[in-house]
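Below: the structure, in structure tokens.
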Amino acid sequence: KGRTVAAFGCRVYGGRHSVDGKFYVCSTQGKQIVVFDSERHNRLLLPSKVIEARHIRWTITDVDMTPCRKFVCYSTMTSAVSLTNIIGDCELPD
């Protein structure tokens, strides 16, 4: 039997674990990308980073974390795909 480990005030879409399972990233209809540290939870997952997505029309349609765990790539209902860092001031790749 499953249990709720995180709750939001809107629909949640596109969740994925990082390759090593350390992080879980999901997106919400409320324009947020939420990164959880899967190793630091007890009963609830606490967000380690919340990112406000840009260029949103209705929702974020897909999200995934790069294998290095420094960036999140996401798509929306526009013609753009966005890449954003999730680790401090880490530079985006060229």
Side-chain angles (χ1 to χ4, degrees):
K1 184 176 177 181
R3 64 184 165 92
T4 301
V5 294
F8 299 90
C10 56
R11 293 180 178 113
V12 180
Y13 300 102
R16 303 246 192 329
H17 273 98
S18 60
V19 174
D20 62 2
K22 180 172 171 54
F23 293 100
Y24 178 75
V25 61
C26 66
S27 58
T28 72
Q29 190 176 1
K31 303 179 182 179
Q32 294 180 324
I33 298 167
V34 185
V35 180
F36 297 94
D37 185 338
S38 299
E39 294 180 342
R40 291 188 329 166
H41 73 281
N42 187 6
R43 296 185 64 100
L44 293 174
L45 286 177
L46 300 175
S48 58
K49 177 99 177 191
V50 178
I51 300 161
E52 282 291 319
R54 299 164 65 189
H55 312 293
I56 302 293
R57 284 202 183 145
W58 181 69
T59 190
I60 300 165
T61 56
D62 198 17
V63 63
D64 208 347
M65 187 176 293
T66 59
C68 67
R69 300 185 330 234
K70 294 179 182 177
F71 306 97
V72 168
C73 188
Y74 65 93
S75 58
T76 65
M77 296 188 78
T78 65
S79 59
V81 174
S82 299
L83 180 70
T84 186
N85 65 1
I86 59 172
I87 310 262
D89 295 329
C90 187
E91 292 289 324
L92 292 174
D94 291 331

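Residues take their numbers from the sequence shown, with the count starting at 1.
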If every non-hydrogen atom of [X] is compared with every non-hydrogen atom of [Y], which pair is closest and at what distance?
{"X": "T59", "Y": "T28", "answer": "OG1-O, 4.1 Å"}
{"X": "C10", "Y": "G30", "answer": "SG-N, 3.4 Å"}
{"X": "K31", "Y": "I60", "answer": "C-CD1, 4.1 Å"}
{"X": "R54", "Y": "Y74", "answer": "N-OH, 2.9 Å"}
{"X": "A53", "Y": "I56", "answer": "CB-CD1, 3.6 Å"}

Give the ring-plane orientation class for F36 versus F8, where under 30° counts as parallel, over 60° as perpendicular and anything between as tilted.
-> perpendicular
Looking at V35, I51, V34, which one forms a side-chain contact (heavy atoms from CB on, under 4.5 Å) with V25?
-> V35
Step by step, work out the side-chain contact (heavy atoms from CB on, under 4.5 Å) result for K49 and V72.
-> CA-CA 11 Å; K49 177 99 177 191; V72 168; over 6 Å; no
Distance, nearest 0.5 Å, that separates CD1 of I33 from CD1 of I86 | 10.0 Å
So how far is it from T76 OG1 to D62 CG, rounded to the nearest 0.5 Å?
-> 11.0 Å
Criterion side-chain contact (heavy atoms from CB on, under 4.5 Å) on S38 and H17, from CA distance to verdict = CA-CA 9 Å; S38 299; H17 273 98; 3.6 Å; yes
Apart from M77 itself, its cluster of hydrophobic side chains linked below 4.5 Å comprises Y13, W58
Using a strict cut-off of less than 4.0 Å between a Lys/Arg side-chain nitrogen and an Asp/Glu carboxylate oxygen, indicate whether D37 and R69 qualify as a salt bridge.
-> no
Return yes if some donor-acceptor pair links the side-chain N/O of S75 with the main-chain N/O of T61 below 3.5 Å, else return no.
-> no
Can you name the side-chain hydrogen bond (donor to acceptor under 3.5 Å, both in side chains) partners of S18, sequence neighbours left out?
-> D20
